[in-house]
Amino acid sequence: MAIISEVEEESSSRPSMLPFRATFDSSNPLGFLQKVFDFLGEQSDFLKKPSAEEEISAAVRAAKDKLRKAEKKAEKESVKPVEKKPVEKESVKPTMAASSSKPMEVEKPKEDKEANPIVPNKGNGTDLENYSWVQTLQEVTVSIPVPTGTKARSVVCEIKKNRLKLGLKGQDPIIDGELYRPVKPDDCYWNIEDQKMISILLTKQDQMEWWKCCVKGEPEIDTQKVEPENSKLADLDPETRSTVEKMMFDQRQKQMGLPTSDELQKQDILKKFMSQHPEMDFTNAKIN
């Protein structure tokens, strides 16, 4: 977690510098960017410029190019050949005790058992040996191949808030473990497709977080390489879109431990009241 804040203005003679404070969560970088854009919209006219989107896109492209160059440079440095110094062989004279001596045990280097995060599949999930899963911010879909001709009555499926169990009657479960994050059991369901594929839809409880795995203990994906689905907010009417954006903003704020839109509005009202009553002393006042 990283805290970013700007230094308050030093004197009235210098250009005004407004303090900005936000918490960065590596699992939800979009929430941090949303806070930045909200701050820009409140404190400047930058977002009102016709070229604002182009300038932001150009900044993103420049940052990505810089990152790619840094990765290529690091990759080249990591593959540089290491010069090996010739090893001088020492002559050892045989002794009478040499035949009875035990061979020297050489300690083998310990293998790094911690697997690095893997690149997600096209559906932002993982393809495993017995099943695969994909996800959006709202849902997780699990696909399990079964023998052709499998009937629904032979399937055993239990979906709980924090656990998933799936298998066929009389056989060991194919999936049986704790989910990465809680789900809404009443909004989850499963079906069997063409009598050869079981599909399970899991509705996330927290719909602003990417899952690293479906069931704990599986290989985890690198959520920084997830490719979000295209936003459909532009297709909504203005009133609905405003409601959805407010809801998403409030969810992100709560996740980062920051005030919601309603709480920010109350803070603004209090600040206006303070500016309208300069005769009152608010030196030790704190706005939570």
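Since the structure is predicted, the reported quantities are computational estimates derived from the model, not experimental observations.
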Shortest non-hydrogen separation from [X] to [Y] and the atoms involved:
| X | Y | value |
| --- | --- | --- |
| Val156 | Lys169 | CG2-CG, 3.5 Å |
| Cys213 | Pro219 | CB-O, 3.9 Å |
| Tyr180 | Trp210 | CE2-O, 4.2 Å |
| Phe32 | Met256 | N-SD, 4.2 Å |

Please round to the nearest 0.5 Å and tell me the distance separating atom [atom1] of [X] and atom [atom2] of [Y].
| X | Y | atom1 | atom2 | answer |
| --- | --- | --- | --- | --- |
| Leu202 | Cys214 | CG | SG | 6.0 Å |
| Leu128 | Ser143 | CG | OG | 11.5 Å |
| Asp250 | Ser261 | CG | OG | 3.5 Å |
| Lys161 | Leu179 | NZ | CG | 11.5 Å |
| Trp190 | Ile159 | CH2 | CD1 | 9.0 Å |
| Thr150 | Met197 | OG1 | CE | 11.0 Å |

Establish whether [X] and [Y] are linked, either directly or via other cluster members, by ILVMFWY side-chain heavy-atom contacts under 4.5 Å.
| X | Y | answer |
| --- | --- | --- |
| Leu137 | Val140 | yes |
| Ile118 | Val226 | yes |
| Val155 | Ile174 | yes |
| Val134 | Ile200 | no |

Taking the side chain from [X] and the backbone from [Y], do they hold a donor-acceptor pair closer than 3.5 Å?
| X | Y | result |
| --- | --- | --- |
| Gln253 | Pro259 | yes |
| Lys204 | Thr136 | yes |
| Asn121 | Asn124 | yes |
| Gln135 | Thr141 | no |
| Glu263 | Thr260 | yes |

Taking side chain as C-beta onward, heavy atoms only, is [X] less than 4.5 Å from [Y]?
| X | Y | result |
| --- | --- | --- |
| Arg163 | Asp176 | yes |
| Ile144 | Ile175 | yes |
| Thr203 | Val183 | no |
| Ile221 | Pro117 | no |
| Lys184 | Gln207 | yes |
| Trp211 | Asp206 | no |

Please say whether more than 12 non-hydrogen atoms of neighbouring residues, nucleotides or ligands are located less than 6.0 Å from [atom1] in [X].
| X | atom1 | answer |
| --- | --- | --- |
| Asp172 | CG | no |
| Arg68 | CZ | yes |
| Glu193 | CD | yes |
| Gln43 | CD | yes |

Under a 4.0 Å threshold between the charged nitrogen and the carboxylate oxygen, would [Y] count as salt-bridged to [X]?
| X | Y | value |
| --- | --- | --- |
| Lys35 | Asp38 | no |
| Glu209 | Arg181 | yes |
| Glu178 | Lys216 | yes |
| Lys246 | Asp262 | yes |
| Asp222 | Lys212 | no |

